[in-house]
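The figures that follow rest on heavy atoms only: side chains count, while hydrogens, waters and symmetry mates do not. What you are looking at is a predicted structure, and each value in this text was computed from that prediction instead of being measured.
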Amino acid sequence: MLQTVHLGERLATSARIGLENPAEVSPSLLFQHERLARLEEAIERGADHLLSLQADSGYWLGELEADSTLESDYIYYLHVLDKAEPERIAKLANYVRQRQLPDGGWGIYPGGPSELNATCKAYFALKLAGDAPDAPHMARARDSVHQHGGLEHTNSYLRFYLALVGAVGWELVPAIPPELMLLPNWFYLNIYEMSSWTRGIVIPMAILSTVRPDWRLPERAQVDELFCDPSRKTAAFDWSKQLISWKNFFLALDRMLKLYEKLPWKPLRQRALREAKSWLLEHIERTEGLAAIYPAMMNSILALIALGHGPDDPLTLREIKEFSRFEIEEGDTIRLQPCVSPVWDTCIAMVALEEAALPPDHPALVKSAEWILSKQVLGPGDWQVKNKDADPGGWVFEFRNDFYPDVDDTAFVLMALQRVNYPEAKRMEAAVRRGIQWLLSMQNRDGGWGAFDRDNNKALLCNIPFADHNAMIDPSTADVTARVLECLGRYGWTAEHPAVQRGLKFLFKDQCEDGSWFGRWGVNYVYGTSGVLRALETVSLTAKEYCQRAVQWLRKIQKPDGSFGESLRSYDEPATKGQGNSTASQTAWGLIGLLAASDVHDPAIQKAAAYLVEKQNADGSWSEDEFTGTGFPCVFYLKYHLYRNSFPLYALARFRNLAQPSEQYCAIKFQPDEFRLRSGF
């Protein structure tokens, strides 16, 4: 329990500020101290609430919420597995129906418009669940599909799943030949030039598109009525109006590959299929399922079944059980998570509690540090394909996903561990040293950092027909780069260090004209700008002109009540950046950014802090309906249920600490020259 300062009465106020006569306390001074008391109480309540959510093992885990496409796909998946128990399907269908919008469609985030792919998936799933096509809600859904261009304008992944069960022809699906597995790593196009999540999704799809199992679903599941133009049933994708373009090049290549598929003799096919299966089997070990994310796990299960490992085969059954852990049953509904986020949730909660002045040897922090240390990845992974000489040492997002440690989690974990007074000091120091060294090794040639791979930035691959999930590559981003620089700065690295210099150079180049930064993994410019400003604060650069432009942008978009809010529309429509309903997490991000580069007495800071104090619930939590996390921009979004509690607590505690400086505990500092840097920049 944190210490709270209660200052509601004049006598208590006068005693605290050292005045003998309570009458000397002016109304304005009393008001200031009452505000301080409310701030302290808000921090205490927030910390106590967050502590109450900690698991016995030491970690935090909040729900990770997404859109209805997960439930729609799950209905499809259960039918393919022949495990479509009526009660289970009914609960999934209930959840899907509840998210239908007034215009008949389904969106991909709360408050957003109907989206074609989500609507087609929901319509198909509800038909599988037994909903009559002429039911009013189905008729409205069909109309929405037609208004948005029809089935012929859906993305490649939806078409792929429909083709697998015979609902559309394979000519509508981009070719994904398993021969991709045979392309050497030095070749311009190979599987390791795709983002890690794309590999996990696409390699099982390559197996499935080759085997093409006969999974015919009930006749009622046909979706021909969703085409606007029946003549487009065989037209895969629209060609670019610019004759000479990468899009047209890859569409032409797709045509050639489809012709290749029709040839009776494919000399490398069986070898390629063996390589794809070998890769799949290797990558489902040391994980909770392939890549530990929903689409890759579902595709891997379907691929295993297609390869002859039935649903009751021990290998497939293990994956099915892992996948089922994403289910959340509540009342008459079942919803799905796209993955789980214990490492991420834990390190953010730890940093918030540390800022809130939880003692560095507090049992909750020591226990969480112990859990975190046990999750450091010390084995091989895909990141080594382009980073051969580095030793492992990163952390993952989930409970276990050893092939895919990521930069963002690792940087946040290192910041969380820094303030813990852990009893095994040498163990902690060794883990942190390995983590920092791994982070340094993952820096890209452009100076920035991506999430899972190094130099995964060949943008022309985004024109491949199956790249329409808008995340084919994993290039440097401002938010991840900022996280690494903040981490290095906290460990004592200065702006003069070469690695920091390269990172700063990337950030300067990536800044928008209005002073903001794009947020790849959080919504959106508020997230990106706040993160960069916090990083620049740790390396003492916030007085620079480019930082003050960012501060001015934050002040410009701040609402009159002190809050911040930015809709996911800003990914599709940059003109709407910084606009949207107020949220606790985004207000916290805005406050964190302002605190990094403004005086703590700035009215904008005072108003943001007051807003968070005012909006806190009695139990110490905050409420938030909007999604403020990003999976694939413009395609897939997330709601981290702990963001609304961890980030406001951190922001208020930081505000308090800057207003009333106190000595901060720091367990570990490393001199930059203790680490080796890779050459070749």
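- Here Arg490 pairs with Glu486 in a salt bridge; the nearest charged N to carboxylate O distance falls below 4.0 Å.
- Aromatic ring centres of Tyr571 and Phe518 lie closer together than 6.0 Å.
- For an aromatic pair to be called close, the ring centres must be under 6.0 Å apart, and Trp589 with Phe647 satisfies this.
- For Phe323 and Tyr74, the ring centers are positioned less than 6.0 Å apart.
- Ring to ring, His469 and Tyr157 are close: their centroids are under 6.0 angstrom apart.
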Please assess Lys386 against Asp455 for the test salt bridge (charged side-chain N to carboxylate O under 4.0 Å, His left out), listing each intermediate value before the final yes or no.
CA-CA 8 Å; Lys386 291 190 169 188; Asp455 297 319; over 6 Å; no
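- The closest donor-acceptor contact from the side chain of Asn617 to the backbone of Gly620 lies at 3.5 Å or more, if one exists at all.
- With respect to Glu329 and Arg88, no salt bridge is recorded, no charged nitrogen being found less than 4.0 Å from a carboxylate O.
- Ion pairing of Glu193 with Arg199 is absent here, as no side-chain N (NZ or NE/NH1/NH2) approaches a carboxylate O to less than 4.0 Å.
- Partners of Glu288 according to the side-chain hydrogen bond (donor to acceptor under 3.5 Å, both in side chains) rule, which considers only residues two or more places apart in sequence or in another chain, do not exist here.
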Between Arg434 and Asp391, does the salt bridge (charged side-chain N to carboxylate O under 4.0 Å, His left out) criterion hold? Intermediate values first, please.
CA-CA 8 Å; Arg434 284 194 298 266; Asp391 295 324; over 6 Å; no
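- Taking the side chain as every heavy atom from C-beta outward, Glu626 and Lys639 never approach each other to under 4.5 Å.
- Looking only at distances, no side-chain donor or acceptor of Ser530 sits under 3.5 Å from a matching main-chain atom of Tyr527.
- Environment of CG in Asp619: crowded, with over 12 heavy atoms of neighbouring residues, nucleotides or ligands closer than 6.0 Å.
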Pair Ser72-Thr69, side-chain hydrogen bond (donor to acceptor under 3.5 Å, both in side chains): steps then yes or no
CA-CA 5 Å; Ser72 298; Thr69 58; over 6 Å; no
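- Partners of Ser68 by side-chain hydrogen bond (donor to acceptor under 3.5 Å, both in side chains), not counting sequence neighbours: none found.
- Sorted by first and then second residue, the salt bridge (charged side-chain N to carboxylate O under 4.0 Å, His left out) pairs with a member in residues 334-344 read Glu63-Arg335, Glu330-Arg335; sequence neighbours excluded.
- No donor-acceptor pair under 3.5 Å is formed between the side chain of Arg644 and the backbone N or O of Ala584.
- With contacts defined as side-chain heavy-atom distances shorter than 4.5 Å, the pair Asn457/Asn444 does not qualify.
- Aromatic ring centroids of Phe627 and Tyr640 lie 6.0 Å or more apart.
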